[in-house]
There are 2 protein chains.
Amino acid sequence: MAAVLVIEDDDRIRLSLALALEDEGYAVREAPTAEEGLIAQRREPADTVLVDLMLPGIDGFECIRELRRDGDVPIIAISARSDTHDIVAALEAGADDYVVKPVEVKELSARMRAVRRRTRTAASPVSALVFGELEIRPEAGEVLRHGEPVAVTRTEFRLLCELADHAGRVLSRQQLLERVWEYSIGDERLVDVHVGRLRQKIEDNPAAPRHLVTVRGLGYKLQR
Amino acid sequence: MAAVLVIEDDDRIRLSLALALEDEGYAVREAPTAEEGLIAQRREPADTVLVDLMLPGIDGFECIRELRRDGDVPIIAISARSDTHDIVAALEAGADDYVVKPVEVKELSARMRAVRRRTRTAASPVSALVFGELEIRPEAGEVLRHGEPVAVTRTEFRLLCELADHAGRVLSRQQLLERVWEYSIGDERLVDVHVGRLRQKIEDNPAAPRHLVTVRGLGYKLQR
DNA sequence: CGAAATCATGACGAATTCATGACAGGCCCG
DNA sequence: CGGGCCTGTCATGAATTCGTCATGATTTCG
């Protein structure tokens, strides 16, 4: 998952940006000042950095120059006004692009893609959740068992991911219905059916499951 | 030698720009209209394009969008007035930078270098993307299979690049529509059709694809 | 022990999801 | 202006998947 660092002092804007970007599928990190942003970026580089130009202390332009000195991470400046001077100065400082407040998330997202397309960050390998002989790769949409791909349907996959995201914890049928099916009401037996089908595919002995286990009276959980 | 394409309708300005740039060591091509500029650029791409915003027929903004659609050549807009609105619109259309008339050649030259440095450093780490017998060269705009060039259309190529950029990851039809077609809404079947056409060209057995695979219920992905 | 609650699972029709061929409009080129 | 390529839409059919139900097994608890 692509990580974004948002350096912006206005809490409301930073939070709303973070939420919107998370919806778009980014992992978001936040920093309210240039100093903290620079530290965060040095510690664990994000794939894209958004920098507000008006920051307390070290301002956005200087921040961009510093970031640029460290590496060539894509940088998008956020300008409070569509002021030519600011925009040019930001681009000259080393920003790759800019957006003007109020930020349209669709536009921002498009620009981030465009900028990243240009920089072509080396594709990081897809991450995997491992449960013994089971391997779940959410981004790849695939499940491996003993290293071999297992054919899983969409619903089963989502169910499995949901359980894997909360490894070791029990999820009630109600919770699963809400998160996987986006039902608020519905027949809880439905979950049973899909759990059963999933077991047929991922368990060595479906009748005595080792990973996808029933917690009687409560729900199901996935364990190692 | 770096080639520059100057798209500017005013003969005097175009000529004086051309002369000045030749003095700076550029190979200069000229076009008095957007239409001619686009054709010239498609036929033989320059390394940088200068576009006047006020053009007869297709205007500069639209011209920039078209250029941007074809590739990510560095584009510098030339604005008659230092009007914020024009400049912002030009940058939003996809220009990388802009200069205001009367054009200072020294400034222009500096901006061209800056813009090219940005795009080149960004683009250089790109090596060919290899997927088994498939080889995708985003820069060169070509696809090889068993070392032999494969004729793919622009849409197919962009689709393939988008998938290759996220090797191993599933991209939903929605994501592909947004990124390849720049639609926010649209018929998702469209993606299927192009995937099908692409398979005819790049897969040994299109009915049982090995690289461009369907992940039922989720989307498509490109794998090795 | 027996009844009630809880869970597993097979079957089946309905609905979804995909692949593919056909086709018309647009664009470019000769 | 005519032909060829590219693109997007549509329709069709095949294959898969989904949700429901019924039945039977298992566990809990009075």
Side-chain angles (χ1 to χ4, degrees), chain A residues 141 143 150-160 170-174 176-177 180-203 205-221, chain B residues 34-44 57-58 62 66 69-70 141 143 150-160 170-174 176-178 180-203 205-221:
Chain A
V143 179
V150 179
V152 177
T153 73
R154 176 179 49 170
T155 308
E156 288 159 8
F157 186 69
R158 287 213 237 157
L159 175 59
L160 190 54
V170 181
L171 294 178
S172 71
R173 290 174 176 74
Q174 190 55 46
L176 290 170
L177 275 177
V180 176
W181 281 266
E182 288 161 21
Y183 289 180
S184 50
I185 51 158
D187 188 354
E188 298 194 342
R189 293 299 124 234
L190 179 55
V191 180
D192 299 22
V193 174
H194 282 275
V195 165
R197 297 208 253 249
L198 204 38
R199 280 176 177 154
Q200 297 296 325
K201 300 180 178 179
I202 65 172
E203 292 282 357
N205 176 10
R210 292 185 43 228
H211 298 297
L212 180 36
V213 301
T214 304
V215 181
R216 195 179 173 86
L218 294 178
Y220 297 97
K221 71 175 175 181
Chain B
E35 288 86 344
E36 291 173 67
L38 288 168
I39 291 170
Q41 181 64 10
R42 277 179 192 140
R43 183 165 306 161
E44 194 175 358
I58 296 178
E62 189 52 35
E66 287 289 328
R69 203 161 300 162
D70 289 342
V143 180
V150 179
V152 283
T153 70
R154 190 155 52 102
T155 306
E156 288 160 8
F157 186 69
R158 301 221 308 192
L159 175 59
L160 190 55
V170 179
L171 295 179
S172 70
R173 290 173 175 74
Q174 190 57 48
L176 290 169
L177 275 178
E178 285 175 14
V180 177
W181 281 266
E182 287 161 23
Y183 290 179
S184 49
I185 51 157
D187 188 355
E188 300 194 341
R189 293 298 125 234
L190 176 57
V191 180
D192 298 24
V193 174
H194 282 273
V195 165
R197 288 173 183 158
L198 203 40
R199 279 176 178 155
Q200 296 297 326
K201 300 180 179 179
I202 64 172
E203 291 282 356
N205 176 10
R210 293 185 43 228
H211 299 296
L212 180 36
V213 300
T214 304
V215 182
R216 186 173 243 269
L218 295 178
Y220 296 98
K221 70 176 173 182

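This is a predicted model, so every value here is computed, not measured. By convention in this document, chain letters (A, B, ...) are assigned in the order of the sequence lines, proteins followed by strands, and residues within each chain are numbered from 1.
Atoms CD (Glu66(B)) and P (dG26(C)) sit 16 Å apart, rounded to a whole Å. Atom C1' of nucleotide dC6(D) and atom CZ of Phe157(B) are separated by 16 Å, given to the nearest angstrom. As rounded to whole Å, 9 Å separates atom C1' of dC18(C) from atom CZ of Arg199(B). At whole-Å resolution of the value, CG in Leu176(B) and P in dC18(C) are 12 Å apart. The distance from atom CZ of Arg158(B) to atom C1' of dC6(D) is 14 Å, rounded to the nearest whole Å. Spacing between atom CD of Gln174(A) and atom C1' of dC7(C) amounts to 17 Å, rounded to whole angstrom units. Atom P of nucleotide dT6(C) and atom OH of Tyr220(A) are separated by 13 Å, given to the nearest angstrom. Across the protein-nucleic acid pair, Asp192(A) atom CG and dG10(C) atom C1' stand 14 Å apart, rounded to whole Å.
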Requested in this report: Test Arg42(B) against Glu66(B) for side chain to side chain contact (heavy atoms under 4.5 Å, CB included), laying out the working first.
Outcome: CA-CA 10 Å; Arg42(B) 277 179 192 140; Glu66(B) 287 289 328; 3.3 Å; yes

Query - side chain to side chain contact (heavy atoms under 4.5 Å, CB included) evaluation trace for Val215(B) with Phe157(A) - result: CA-CA 11 Å; Val215(B) 182; Phe157(A) 186 69; over 6 Å; no

**Report entry** Verdict with reasoning, Leu159(A) to Tyr220(A), per side chain to side chain contact (heavy atoms under 4.5 Å, CB included)
**Finding:** CA-CA 11 Å; Leu159(A) 175 59; Tyr220(A) 297 97; over 6 Å; no

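Contact record, Thr214(B) with Arg199(B): OG1-NH2, 2.7 Å, taken as the closest heavy-atom pair.
Residue contacts for Gly217(B): at a heavy-atom cut-off of 4.0 Å it reaches the sugar-phosphate backbone alone, with no base atom in range.
With a 6.0 Å radius and a threshold of 12 heavy atoms from other residues, nucleotides or ligands, Arg173(A) has its CZ atom above the threshold. Under a cut-off of 6.0 angstrom, the local environment of CZ in Arg158(B) is crowded, with over 12 non-hydrogen atoms contributed by other residues, nucleotides or ligands.
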Query raised in the report: In the 5'-to-3' direction, what one-character label does each nucleotide of nucleotides 12-30 of chain D receive under the scheme B = base within less than 4.0 Å of a protein heavy atom, S = sugar-phosphate only, - = no such atom?
Result: ---BSSSBBB----BBS--

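For Thr214(B), a side-chain nitrogen or oxygen approaches OP1 or OP2 of dA19(C) to under 4.0 Å.
If you check dC18(C), dT9(C), dA8(C) against the side chain of Gln200(A), the one that comes closest is dT9(C).
In this structure a side-chain-to-backbone donor-acceptor pair under 3.5 Å is missing from Gln200(A) to Pro206(A).
Residue whose closest nucleotide on DNA chain C sits further toward the 5' end, between Leu218(B) and Pro206(A): Pro206(A).
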